[in-house]
Protein chains: 2
Amino acid sequence: MDAAALWQRYQDWLYYHEGLEFYLDVSRMRFDNTFVEGMKPKFEQAFKEMEALEGGAIANPDENRMVGHYWLRTPDLAPNPQLKQEILNTLEKIEDFTQKVHSGAILTDSGSKFTDVLSIGIGGSALGPQFVADALAPVFPPLAIHFIDNTDPAGIDSVLTRTKDRLSSTLVLVISKSGGTPETRNGMIEVKKAYEAQNLEFGRHAVAITGKDSKLDQLAKSESWLATFPMYDWIGGRTSELSAVGLLPAALQGINIQEMLAGAKEMDIATRIPKIRENPAALLALSWYFSGNGKGEKDMVVLPYKDSLLLFSRYLQQLVMESLGKEKDLDGKTVYQGIAVYGNKGTTDQHAYVQQLREGVSNFFATFIEVLEDRQGTSPEVEPGVTSGDYLAGLLQGTRQALYENQRDSITVTIPQVNPRIVGALIALYERAVGLYGFLVNINAYHQPGVEAGKKAAAAILDLQQRVIQVLQDENAPISLLVLAQKAEASDKIEAIYQILRHLHTNQRTVVLEGNLGQPSSLLVSTI
Amino acid sequence: MDAAALWQRYQDWLYYHEGLEFYLDVSRMRFDNTFVEGMKPKFEQAFKEMEALEGGAIANPDENRMVGHYWLRTPDLAPNPQLKQEILNTLEKIEDFTQKVHSGAILTDSGSKFTDVLSIGIGGSALGPQFVADALAPVFPPLAIHFIDNTDPAGIDSVLTRTKDRLSSTLVLVISKSGGTPETRNGMIEVKKAYEAQNLEFGRHAVAITGKDSKLDQLAKSESWLATFPMYDWIGGRTSELSAVGLLPAALQGINIQEMLAGAKEMDIATRIPKIRENPAALLALSWYFSGNGKGEKDMVVLPYKDSLLLFSRYLQQLVMESLGKEKDLDGKTVYQGIAVYGNKGTTDQHAYVQQLREGVSNFFATFIEVLEDRQGTSPEVEPGVTSGDYLAGLLQGTRQALYENQRDSITVTIPQVNPRIVGALIALYERAVGLYGFLVNINAYHQPGVEAGKKAAAAILDLQQRVIQVLQDENAPISLLVLAQKAEASDKIEAIYQILRHLHTNQRTVVLEGNLGQPSSLLVSTI
């Protein structure tokens, strides 16, 4: 395509939202009009299904749930007055609680103001809050946030060591929809012990964000925690950033959550328009479908040229891959769907893996995210007439152009600045794009059967560990792995037993291994 | 494969390094003996080429350079006594400088001890130090480290705001091999201005790590910086973690760099063995080749189950993708090589994209990294007989097993703990695996032509910006984009001009745009 034709294509496809000062360029996705025309019937169907979803239809059939994250920013759309009132009440409660913490109306049990927030949650209960904290929290926020987002003992120790001197003025958020997520539960138990070790009352520092009547809800009630905020069964973890899960930590850090909601609402309005060219979420879904042939044949590489958006790609990784990565479609057909997502930030990544994007295996399309505002205030010159921000902008343009010249497709999202309204809009944009794409490829974008299966598999390992320890305690002399497995009635699981033992042995948990650790058949096992 | 056969396969392929207590399991890569036999001649050749590389052969032909990162940990292997002495001298200088900073023999110009390190570098000059800081630095290190790894003005502001009160006791490392990397240069200029704004002498806080006689070397000399450490032309950025680039910041944070080098040396010895089954780097390269058919057809997903290894996947992303992502092979044939790498950490990722890995598009193989030691000290029970670490181990095993059952291949690396020696060994392991794989697919793993091309493309955009501003300053009345492009003699670059103007306009840099910003043809442009 010559320069004039490319410039025309750019202008033809450029999407601009004046209110949000938001641009979307899909001109470097090399689809043609025949492809777009061919997609129109699929999109008409997807727009209808999206409308039904927003109206309260059961859009997550195998969990028999409504999908209502759009109602969070437009409560008037909630399918009944009770839901609407619940959304409004929760929002009011978040703002009221935050105001009381900031003003000192709620104090620690020693009478001082809270200084820190420790958020315990995993997956959808961590990635959104982490992304938003990185993107929007001031350098010195009213409360500094820390995250325990795993069941790694060393990781928990690291956070507890860092916050040790301020534990007495730290507010702990425990975030789990089911209230039974083991990683979160484990983090909570260990943190509680840290409070007890300092003779602090954990309940006076603890806040639950959880489903009504969950185990966690009951615990919070029984221990008189400071507060409890609801997670609704019509909100999935990966779309919960604009529920209490994301809004409470954001508000505590001094981030304007009304602006986040307003930006999301504005983007929701823009992405409800049932015309591909006038709907930025549809343009994204169209581009993804084109690039991966509707089967995820290309990875989505996300390149925000702004340090504070570093975690956006990780946030999208969850939103996109957990929503779209499905074995079965809605008709029960095996489809192995999904789109792999990765990325960090430009220009840093240009000095890392962009070498491969430019020249190597052509198994991806890129999404550039450009932020027009360089910084608050003016910039010094680094060369006559040139600023650091000019370099950032120039490097983005240069890379986008080079990818195009090497037949690598890209999308460019351009935003005016990184502020609460725009971050809300970005979240809403991608939620909608994922939803539309899910309908295009006929999958349930709102469940995660593989995650449940993973939990079960882990529970089976823990159960096996208990049986193995029991057998060993009943033995008088060291036994081989083979004998141990037989006695534990798990002869088909010798390898799992070997791995369990290696772990227990290293952590001095009563298991003694004699022999060559690298030759499992040589080992003799006993307890201390 | 039934349970007994799988257990046999596991034992047959299990690699164990007793000294490092390091395990590598490739039994879940479903290659057969025919494949392995077929690969042997390629490996024999690769082992020979690797030996020549270590002996000082020109292994980076188009840059006419030796590739010597292995010499850093075994200076006796350096191809001549002078190189050996340089390596030893630099190491001594790093330890001497660090000792003086820690002890207070080197003080700030106000006579106090240094409290912080601000590292300015990008790509290979940032990813390694960031990974190592995250993995190994104590929670309260002797000097706390901060990174400026981009030319993002807002990102620079964020770091400078955070360190503002301690700038007078902050040591600044400026890391650039060529001394001309624009992102690093820009960061340095802005940081220098911050020092000047506080009436602090920048040179009294600054340390250069750069090539001999580079621009940066000359600047450091002319301004009498505190110290300069060399980057050798036989070390590439992505393999520089065990040179001054990585060792100086590590040492300043109190990390034992002799242990890092010792671990790398031990792994180097293990990965020099010219037999696939006895060489863990060869086992990795074999597995990668099998999975991607020698063409990178599958992504490498890296899943360390340990918070402190979160950045290992980003480090590997650079090492693997920048090394292997090449258009041409060594014979000049177009091959579009590479392997895409991404990942964060388990179990967190199990609540995110692992849904797709388990059930969705089967375009990857996983690398699990298991750390046997849960934490220093004992763990509380979260259930009778069960610890947080048991969950972490169980979730890893469960996921690995589930992937296997769904025909998704995986590698498992098992290490005893995250310590300097093991981190050094991991770095050496992957450096060697990438080197061997590069030879297997016949590419130059040690250059990065695409990165250079990206810099040139950006320079062209900055040049165009200057011409556009010049044209506008010479005009008396607003003009259209079309006219502006003609006058700038860049009629084929209207889109680039539009994007330049949008950026300048947002940052109030003398450019005025009238019309609809989303309709470029409607715009009239002028200067203030």
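Residue numbering restarts at 1 for every chain, and letters A, B, ... go by the order of the sequence lines.
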Which atoms of [X] are under 4.5 Å from chain B, going by heavy atoms: the side chain, the backbone, both sets, or neither?
| X | result |
| --- | --- |
| Thr414(A) | side chain |
| Pro384(A) | backbone |
| Leu372(A) | both |
| Glu373(A) | both |
| Leu481(A) | side chain |
| Leu464(A) | neither |
| Val139(A) | side chain |
| Tyr305(A) | neither |
| Phe364(A) | neither |
| Ala453(A) | both |

Among [options], single out the residue with the greatest number of heavy-atom pairs under 4.5 Å to chain A.
| options | value |
| --- | --- |
| Gly385(B), Ala457(B), Ala352(B) | Ala352(B) |
| Leu395(B), Asp2(B), Asn150(B) | Asn150(B) |
| Asp149(B), Ile189(B), Thr399(B) | Asp149(B) |
| Gln350(B), Glu327(B), Lys455(B), Glu322(B) | Glu322(B) |
| Leu462(B), Leu14(B), Ile500(B) | Leu462(B) |
| Gly377(B), Ser125(B), Gly346(B) | Gly346(B) |

Closer than 3.5 angstrom, by distance alone: can the side chain of [X] be matched with the main-chain N or O of [Y] as a donor-acceptor pair?
| X | Y | answer |
| --- | --- | --- |
| Glu183(B) | Thr348(A) | no |
| Asn186(A) | Thr387(B) | no |
| Gln318(B) | His351(A) | yes |
| Glu495(B) | Trp7(A) | no |
| Asp492(A) | Ala3(B) | no |

Which atoms of [X] are under 4.5 Å from chain A, going by heavy atoms: the side chain, the backbone, both sets, or neither?
| X | value |
| --- | --- |
| Tyr15(B) | neither |
| Lys345(B) | side chain |
| Leu504(B) | side chain |
| Ile148(B) | neither |
| Leu310(B) | side chain |
| Thr151(B) | both |
| Arg162(B) | both |
| Ala393(B) | side chain |
| Lys193(B) | side chain |
| Ala496(B) | both |

Check: Charged N to carboxylate O under 4.0 angstrom, Glu21(A) versus Arg502(B)?
Finding: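 A salt bridge is absent here (no side-chain N lies under 4.0 Å from a carboxylate O).
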Item checked: CA sep, side-chain torsions, deciding dist, call: Asp390(A), His503(B), side chain to side chain contact (heavy atoms under 4.5 Å, CB included) -> CA-CA 8 Å; Asp390(A) 293 341; His503(B) 176 247; 3.2 Å; yes
Margin query: With no hydrogens and no angle check, just 3.5 Å: does a side-chain donor-acceptor pair link Asn344(B) and Gln317(A)?
Written below: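 A pair is found: one side chain offers a donor N or O, the other an acceptor, under 3.5 Å apart.
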Once you round to the nearest 0.5 Å, how far does [atom1] of [X] lie from [atom2] of [Y]?
| X | Y | atom1 | atom2 | answer |
| --- | --- | --- | --- | --- |
| Thr506(B) | Gln417(A) | OG1 | CD | 9.5 Å |
| Glu452(A) | Gln355(B) | CD | CD | 9.5 Å |
| Ser379(B) | Asn507(A) | OG | CG | 6.5 Å |
| Gln397(A) | Gln465(B) | CD | CD | 9.5 Å |
| Leu357(A) | Met321(B) | CG | CE | 5.0 Å |
| Leu517(A) | Tyr23(B) | CG | OH | 4.0 Å |

Checklist line | When Leu6(A), Ile122(A), Val335(A) are compared by non-hydrogen pairs under 4.5 Å with chain B, the top option | finding: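 It is Ile122(A).
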Item checked: Closest-packed option against chain B by number of heavy-atom pairs under 4.5 Å, given His505(A), Met188(A), Gln376(A), Glu190(A) ->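 Counting heavy-atom pairs under 4.5 Å, the top option is Glu190(A).
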Are the side chains of [Y] and [X] in contact, using a 4.5 Å heavy-atom criterion?
| X | Y | answer |
| --- | --- | --- |
| Gln401(A) | Lys493(B) | no |
| Glu297(B) | Asn363(A) | no |
| Tyr353(B) | Val341(A) | no |
| Tyr10(A) | Gln499(B) | yes |
| Asp307(A) | Ser158(B) | no |
| Glu383(B) | Gln466(A) | no |
| Tyr391(A) | Arg185(B) | yes |

Check: So which heavy atom on Glu359(B) is nearest to which on Pro449(A), and how close?
Finding: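 The answer is OE1-CG, 3.4 Å.
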Note to self: Just to verify, which of Val371(A), Leu392(A), Asp374(A) counts as forming a side chain to side chain contact (heavy atoms under 4.5 Å, CB included) with Asp152(B)?
What the structure shows: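 With Asp152(B) as partner, side chain to side chain contact (heavy atoms under 4.5 Å, CB included) holds for just one option, Leu392(A).
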Notebook entry, point to check: Would one find more than 12 heavy atoms of other residues, nucleotides or ligands at under 6.0 Å from atom NZ of Lys295(B)?
Noted result: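 Atom NZ in Lys295(B) is not packed in, count stays at 12 or less.
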Next item on the list: Mind checking side-chain hydrogen bond (donor to acceptor under 3.5 Å, both in side chains) for Gln356(A) and listing every partner two or more places apart, or none if nothing turns up?
Entry: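 With neighbours one apart ignored, the set is empty.
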